[in-house]
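Here's the structure we're looking at; comments come further down.
All values below come from the heavy atoms of this structure, side chains included, with hydrogens, waters and symmetry mates left out. Ligands are counted one by one from 1 in listed order, and the atoms in each one are counted from 1 as well.
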Amino acid sequence: MEIKELRIGNITIPNNVLMAPLAGYTCYPFRILCQELGAGLCFTEMVSCNGLKYKDKATQKLLFTTPDEKIKAAQLLGSDPRIMEKMARSDYLIPFDIIDINMGCPVPNVFKSGEGSSLMGDLKRASSIIKGCKRSGKAVTVKCRTGLKEDSMIAAEFAKMCEDSGADMISIHGRSRNMMYEGVPYYDQIEQAKSVAKIPVIANGGIFSKEDADKMMNLTGADGVMLARYGFENPFIFSELTNKEIKKDKYTVISEQIELASRCYDETYTIYYIRKLASYCMKKLKGTKQYKAELYKCGNIEELKSIVEKIFNVLVD
Ligand SMILES: Cc1cc2nc3c(=O)[nH]c(=O)nc-3n(C[C@H](O)[C@H](O)[C@H](O)COP(=O)(O)O)c2cc1C
């Protein structure tokens with residue numbers, strides 16, 4: 001795929017290969033890793049505006065960042081335009097350059113409260129949310145799907161609404177809400193959205209290799225791609241796609257993630273995060289079943305380090 005800079009409002013990001021927001025995965029250390037490996041932009045996982053409004057500590061923790069994260073994008077989840085605007089303008093969001101609005105989450109609880117993908121069924125409300133967030137003065141982006149159901153896809157109409165409401169970029173997961181996370185993405189829907197929008201259109205869904213990224217770009221004409229599950233499984237995909245030379249191996253990268261996570265979070269969270277990262281990264285390594293069990297049993301950072309060493313330093317892929 002062609003690598004190029006992208007303009008999001010008045011922010012320029014170094015390239016058009018993005019890492020998606022992933023709840024429970026795209027914490028600060030992981031975003032720093034993706035940035036180092038070449039991703040043009042990373043997002044926090046979805047952060048509930050109601051959680052922020054009620055000063056929930058766990059929600060606030062999701063917004064942890066430092067100046068080492070060069071361009072900071074926070075994803076907000078909510079359905080009430082006034083609360084969304086208030087939180088976008090709040091002190092919590094001060095460090096962030098970009099506010100991404102979640103209009104794609106299909107999970108029943110989220111959907112039932114009128115949040116996430118439910119907004120694809122209420123364009124008026126979706127538009128007020130974008131306009132309200134824009135009043136924060138920050139760049140605003142939207143992440144959505146192609147529609148609620150496969151027989152009523154609206155990617156182009158929705159993209160136009162986002163642009164007319166002031167959005168600076170739109171990332172489209174090429175599946176409808178009822179498809180959840182499976183099935184071939186509707187490339188034509190993303191292509192149609194791209195043909196009506198002037199703002200950058202980013203294509204997401206089902207990219208699990210360099211070839212898939214090329215295919216996504218060719219079939220949609222999008223301005224860039226957004227990796228999600230595969231970005232977590234193989235973060236080196238960012239260096240492969242952007243031709244960035246990286247001399248580190250998986251073992252070094254995961255060891256550095258343990259150090260960074262330990263500096264930012266408590267031991268419990270660090271173990272929780274590294275277990276997930278390590279088990280995703282060892283998916284393609286043979287003979288690792290017994291190590292995976294050990295990984296899930298380990299109770300402190302020292303044990304974690306030693307099992308990570310066994311998996312990634314001794315069993316080389
Ligand atoms: C575990 C998990 C958590 C996710 N969390 C979020 C989220 O917080 N915000 C969001 O916009 N999308 C979220 N998504 C959707 C992804 O960003 C992406 O759109 C989707 O996985 C499709 O891309 P893929 O097929 O390349 O994985 C999540 C997906 C998964 C599997």
Side-chain angles (χ1 to χ4, degrees), residues 1 17-28 30-31 34 39 41-49 51-52 58-59 61-63 73-79 84 98-111 115-120 126 129 133 140-147 155 158 162 167 169-187 189-190 193 201-217 220 222 224-235 237-238 241 272-273 275-277 279-280 283:
M1 65 176 275
V17 183
L18 281 59
M19 177 64 207
L22 281 179
Y25 296 86
T26 49
C27 55
Y28 168 78
F30 186 71
R31 300 197 305 273
C34 294
L41 184 67
C42 307
F43 298 82
T44 68
E45 65 177 86
M46 58 184 179
V47 175
S48 157
C49 272
L52 291 180
T59 310
K61 195 167 121 183
L62 302 176
L63 291 172
Q75 189 186 64
L76 294 183
L77 176 81
S79 66
M84 289 290 273
I98 298 171
I99 293 178
D100 185 60
I101 308 171
N102 184 318
M103 299 198 181
C105 182
V107 173
N109 280 348
V110 167
F111 186 79
E115 302 170 331
S117 61
S118 168
L119 291 163
M120 294 203 77
I129 290 176
C133 288
V140 170
T141 60
V142 171
K143 183 162 177 286
C144 65
R145 289 183 172 243
T146 48
F158 201 77
C162 291
M169 183 181 86
I170 176 167
S171 312
I172 307 175
H173 175 187
R175 299 183 176 103
S176 58
R177 181 204 174 222
N178 69 316
M179 291 169 77
M180 300 299 279
Y181 299 102
E182 301 307 324
V184 181
Y186 281 80
Y187 303 105
Q189 283 289 315
I190 303 178
V201 172
I202 304 298
N204 163 247
I207 303 176
F208 288 93
S209 65
K210 202 166 186 265
E211 292 69 35
D212 287 344
D214 289 336
K215 182 175 172 189
M216 181 62 103
M217 289 296 278
T220 63
V225 291
M226 178 184 268
L227 280 293
R229 285 167 290 185
Y230 191 64
F232 199 76
E233 182 181 327
N234 174 24
I237 186 69
F238 294 107
L241 287 170
Y272 163 81
Y273 162 57
R275 268 180 193 158
K276 285 196 289 192
L277 181 64
S279 48
Y280 254 91
K283 257 185 163 176

Give me the nearest non-hydrogen protein atom to [atom] as residue plus atom name, then the distance to 0.1 Å.
atom	result
atom 28 (C) of ligand 1	Leu22 CD2, 3.5 Å
atom 11 (O) of ligand 1	Gln75 NE2, 2.8 Å
atom 4 (C) of ligand 1	Ala23 N, 3.4 Å
atom 27 (O) of ligand 1	Arg229 NE, 2.6 Å
atom 12 (N) of ligand 1	Lys143 NZ, 3.0 Å
atom 1 (C) of ligand 1	Tyr25 CE1, 3.7 Å
atom 14 (N) of ligand 1	Pro21 O, 3.6 Å
atom 20 (C) of ligand 1	His173 CE1, 3.7 Å

[X] to ligand 1, any heavy atom closer than 4.0 Å:
X	value
Tyr230	no
Arg175	yes
Gly205	yes
Gly206	yes

[X] (side chain) donor-acceptor with [Y] (main chain) under 3.5 angstrom:
X	Y	value
Ser176	Thr146	no
Asp214	Met1	yes
Arg177	Met120	no
Glu45	Gly24	yes

*Might you point out which heavy atoms bring Cys49 and Met84 nearest each other, and give the distance in Å?*
SG-SD, 3.2 Å
*How close do Leu22 and Ala228 get, heavy atom to heavy atom, and via which atoms?*
CD1-O, 3.7 Å
*Do Phe30 and Phe232 have their ring centres less than 6.0 Å from each other?*
yes
_Could you work out, with salt bridge (Lys or Arg N to Asp or Glu O under 4.0 Å) as the rule, every residue matching Arg175, not counting sequence neighbours?_
none
*asked:* I want to confirm something. Looking only at heavy atoms, which of Leu62, Asn204, Thr44 is nearest to atom 18 (C) of ligand 1?
replied: Asn204
*Decide yes or no on side-chain hydrogen bond (donor to acceptor under 3.5 Å, both in side chains) for Tyr272 and Lys276, but give the supporting numbers first.*
CA-CA 7 Å; Tyr272 163 81; Lys276 285 196 289 192; 3.0 Å; yes
_According to ring-ring contact (aromatic ring centres under 6.0 Å, His included), who are the partners of Phe158, at least two apart in sequence or on a separate chain?_
none
*asked:* So if I count the atoms of ligand 1 from 1 in the order they appear, which ones are less than 4.0 Å from some heavy atom of Ala20?
replied: 17 (O)
_Proximal ligand 1 atoms for Met46, defined as those under 4.0 Å from one of its heavy atoms_ = 8 (O)
